[in-house]
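Just so we're on the same page: letters track the sequence lines, and every chain starts at 1. Note that this is a predicted model, so its numbers are computed, not measured.
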Number of protein chains: 2
Amino acid sequence: MKHIKLRNMEEFATASGISRPTLSKYFNDPDSVRPSTRARIEAALKTYDYRPNMFAVNQNRKLTKNVGIVVPYLADPFFAEIARNIEERCIEAGFHPSLFSAHGKADLENDILNNLRAMKPAGVLLAPLGRRSSDRKTIEDFCRDVPTILFDSNIEGVGEAFIGSDNASFVNQTVDYLHRTGDAPCFFEMAEPANPNAIRRRDAYLAKMGALGLEPHVLSVAGSGWAFEEIGRQGALRLLAKDALPTRTVLCSNDRLAIGFLAACFEKGVRVGHGPGFDLRVASHDDHPYARFTCPPLTTAAHDYDAVSRLAVETLLKLIQSDGSLGGRFERLVPARLILRASA
Amino acid sequence: MKHIKLRNMEEFATASGISRPTLSKYFNDPDSVRPSTRARIEAALKTYDYRPNMFAVNQNRKLTKNVGIVVPYLADPFFAEIARNIEERCIEAGFHPSLFSAHGKADLENDILNNLRAMKPAGVLLAPLGRRSSDRKTIEDFCRDVPTILFDSNIEGVGEAFIGSDNASFVNQTVDYLHRTGDAPCFFEMAEPANPNAIRRRDAYLAKMGALGLEPHVLSVAGSGWAFEEIGRQGALRLLAKDALPTRTVLCSNDRLAIGFLAACFEKGVRVGHGPGFDLRVASHDDHPYARFTCPPLTTAAHDYDAVSRLAVETLLKLIQSDGSLGGRFERLVPARLILRASA
DNA sequence: ACAGAAGTTTTACGCGCGGAAACTATTGAC
DNA sequence: GTCAATAGTTTCCGCGCGTAAAACTTCTGT
C-alpha cells in the first residue's frame, strides 16, 4: 500500500501522528522509543513510503553509519572473496559498506582515502597496497583522522589494528608436508613482490628449512605488477628451459604464481603430481578460488577467509564503539589450513 | 603549506577574500568563473586545506555526481574486470562511482537498488541478475525513478539503454571455426542458467547448426547458482563416465564452465587439444581472465571489455546530459573476437 | 570614453535532519 | 490516588551549502 511518497520527516510526522523528534530518535535507534510507539511508526511506514534523506542525516550526525572497505586489487578473486565476506558482515551489523579497489595503483589508493575522508566513515577496513615507504605518510595521516583497521597486509604501527594471515603457519605446513612425504621444496617467488606477505613467506621458508637442517633454494623470477599468473608462467618456462630447478619439489609463494607455473608445466609436458610417474610436485599458498580447478588440482595452504573477515569486522565494531581507539594496537594472525590435492 | 584546516566554505571565503557564492560556483564548475579569480581560488586552496562537505553539497544539488555500478557477482573475474574498467571511466568523467555486488542474491540486489535510491545518483549502470520475472518489478520501478542503463544482461524494455555482447557473434564465430577446422561441436551448458545470455547462446548455437545443415546436440547439465566451474566439472565427469559425448568437439556456454570441463578431462586423462594425438577439442566463450592459463589454454570468443565499458559509460553520460531520457531505448550489441589457443 | 555584457558581492532563504530545552502526557510502583 | 520516572511534544536553532535577486564592479568592443 505504499502509495503516497513523503518528501521529508515533517510530512511523515503529520501523516503518522507522531512528532518529528520522536521519529528522529526512532530512525537513529528503533529501540530508543516505547514498543507501542515503535509499532505505530512501523505501521505508518507500511502505509506511507518514507525513508530519511541520507545526506541530511549524515550532515548532522557526528558519526555516520558508513564504513569503507579498501582492497588493493579487486580483480584478484582472493580480494573479491574476502571483500564479499566483509561486506556482508558489515551489512548485518547495520552499517553501510562502500567498497573500493585501488586497482593496483598507489595514486588511486591515495585518492580513495581522500574521498573516504569526505564520507566521514565510522571506520575503515583497509588492505593496503604493499609498497615502499614513500607513500606510507598518506596512510598514516588517514589513520590519524579515521578509525582504521588494516587487514591482509600489515604496515607496522599504522592503524588501530591488523588482522591477517599467519604467513609462517602457511609456509611451515606446506614445507613440513612436502618434506615429510618426499623432498623439501625450493621456493618460487617474484623478485619484486607487490605485497609484504610475500617477503614474510620467503623468510618463513628460509627459517623453516634452517630448522629442518636443509639447504634452502629460492627462485626469484622477474616481473612486477599484478599479473601474477603470467609472471609465474614466464618464470617457470625460463627455468624449465634451462633445466634450472634445484629440486623436484616446488613451493610457490602464492596460488596465482602457481597457476602460471602449472600452465608452463603443462605446456612443456612436465607431469606434475605426487608419486611414481610424475616429474614434479608443486604446492602453494592461499587456496585461491581456482586452485581446485588447476591441472592437476593444487595442494595449498588455505586462508581462513571466514575467520579473517569475522575478526576484522568484529575488531572494527569494537573500535567504533570505543570511540576510535582500542588502547594499543591490536594484532591477530590467523593460521592456515593445509589442503591436499593432486599437485603434491 | 596546508596548515589551517577550514571548517566550511564561509571560513574559506573570508580567508581567501572571495565571496562564498563565487566559491560555490567554482566548486560546481571551475570554468564558470573568470580565469583570474579561478587562479586566486586555486592559489588559496594551496594555502588552506578546504574541501566542500559532500553531504551538504548533495543535499542541495538537484543532481549529484554519484553514479552507481551494480553487478550480479563480483567474485567472478569477468565482472570484476568490467567493473574496474567502468569505474575508471566514470572517475575520468568527473563522477563518483560506487560499486555494488548482489553476490548472486536477488534480495540483496533489491536492497542495493533501494539504498542506491537514497544516494540520488545521477545515473546507474546495472548488470542485473538474470532471473525470473517475479523480481522484474523492483528493477522496473527503480529504472522509472533513476536514470539507468543495463549492461551485460538485458531485460526487455527496462532501463533507458542496454549495452551488451552480441551472443550470436560469439557462437557463430566459435562454431564456424570448429566446423571449418574439424567437426562441428556439441553445446555444453547449465540446465538452469543464471543468466539470459546463456539462453541466447544456446539459441544461437541451434540456429547456426541449422544454417550449416548439421544436427545440433545440446548437453544440459544439472546445477544452479554461481559455482560454474564445479558444475562444469561434475557435469563433465558424468558425461565422460558414461561416454556420453555425442561429438569429439565440445563448445561450452562460457569459460567458467569450460574451466571445470577441462579440469574433469585432465582428471580422467582425456587429452584436450587440436590435431593428432588428442581426444577432444574444447572451446568456449568470454575470454575469462584465466582462460589463457587453463590446461590446455582455452580457445574462446572474447568480450570486447573495452568497447562494452566505454559504450556503457558514454551512453550513461549522454543520458545524464539529456536529463534522464534518450528518447527511446537504445541498444547496442558488441561483437566478439575469436581467440585461438591450444584447446581447440 | 562609454554602453553593454559579464562577473562578483551582498543578502537572504531553503534543503532535511539532529539535537537541546522546556513542557506535557503516559507509565508503573507504592 | 499520589508521585516520580519515563516517553513524547513543541519550539527552536544549527549544520554546510545551493541558489536566487539585486546592486555593484570589472571587463569587452567600438
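- Recorded end-axis angle for the helix from C:dA1-D:dT30 to C:dA22-D:dT9 stands at 20°, based on five pairs per end and rounded to 10 degrees.
- Each of A:R20 and A:K120 was assigned the nucleotide of DNA chain D with the nearest heavy atom; the assignment lying further toward the 5' end belongs to A:R20.
- Of the side-chain N and O atoms in B:S24, one or more sit less than 4.0 angstrom from OP1 or OP2 of D:dG18.
- B:F27 places its CZ atom 16 Å from the C1' atom of D:dT19, with the value rounded to the nearest Å.
- Between A:M54 and B:N58, every side-chain heavy-atom pair lies at or beyond the 4.5 Å cut-off.
- Applying the 4.0 Å criterion to OP1 and OP2 of C:dG18, one finds that A:N28 has a side-chain N or O inside that range.
- You'll find that the side chain of A:Q59 is closest to D:dC15, out of D:dC15, D:dC17, C:dC15.
- Taking atom CZ on B:R61 and atom P on D:dT19, their separation rounds to 7 Å, with Å as the unit.
- Here B:F151 and B:F79 keep their ring centres 6.0 angstrom or further from each other.
- C:dG19 atom P lies 12 Å from atom CG of A:D29, rounded to whole Å.
- Taking every side-chain heavy atom of B:P21 into account, D:dA20 is the closest of D:dT10, D:dA20, C:dG16.
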Mind running side-chain hydrogen bond (donor to acceptor under 3.5 Å, both in side chains) on A:R89 and A:S309 for me, showing each step along the way? CA-CA 8 Å; A:R89 290 177 197 277; A:S309 62; 3.1 Å; yes
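- Atom C1' of nucleotide D:dG16 and atom CZ of B:R51 are separated by 15 Å, given to the nearest angstrom.
- Closest approach to the A:R34 side chain among D:dG8, C:dT8, D:dC17 is made by D:dG8 (side chain taken as heavy atoms from C-beta onward).
- For CZ of A:R332, the number of neighbouring non-hydrogen atoms (other residues, nucleotides, ligands) closer than 6.0 Å is 12 at most.
- Look at B:T37 and you'll find a side-chain N or O under 4.0 angstrom from OP1 or OP2 of C:dT8.
- In this structure, B:T148 and B:F142 have side chains that are in contact, with non-hydrogen atoms separated by less than 4.5 Å.
- Ring geometry for A:F78 against A:Y305 counts as tilted: the plane angle lies between 30° and 60°, on a 0 to 90° scale.
- Using cut-offs of 30° and 60° on the angle between ring planes, the pair A:Y50 and A:F12 is parallel.
- Residue A:T22 has no polar side-chain atom (N or O) positioned under 4.0 Å from OP1 or OP2 of D:dG8.
- Under 4.0 angstrom from either OP1 or OP2 of C:dC17 there lies at least one side-chain N or O belonging to A:Y50.
- Separating the CZ atom of A:R40 from the C1' atom of C:dT26 is a distance of 12 Å, rounded to the nearest angstrom.
- Across C:dG16, C:dT8, D:dT9, the shortest atom-to-atom separation from the side chain of B:V33 is found for C:dT8.
- Atom CG of A:N60 is separated from atom P of C:dG18 by 7 Å (rounded to the nearest Å).
- Comparing D:dA7, C:dG16, D:dG16 by their nearest atom to the side chain of A:A56 picks out C:dG16.
- Mapping A:N8 and B:G17 onto DNA chain C via the closest heavy atom, the residue that lands nearer the 5' end is B:G17.
- Side-chain atoms of B:R38 and base atoms of C:dG7 include no donor and acceptor less than 3.5 Å apart.
- For the pair B:E10 CD and D:dC17 C1', the interatomic distance rounds to 10 Å; values are reported in whole Å.
- Taking atom CE of A:M54 as the reference point, atom P of C:dG18 lies 13 Å away to the nearest angstrom.
- Here the nucleotide nearest the side chain of B:I18, chosen from D:dC17, C:dT9, C:dC17, is C:dT9.
- Side-chain contact check for A:R310 and A:N85: no donor-acceptor pair (N or O, by modelled atom type) lies under 3.5 Å.
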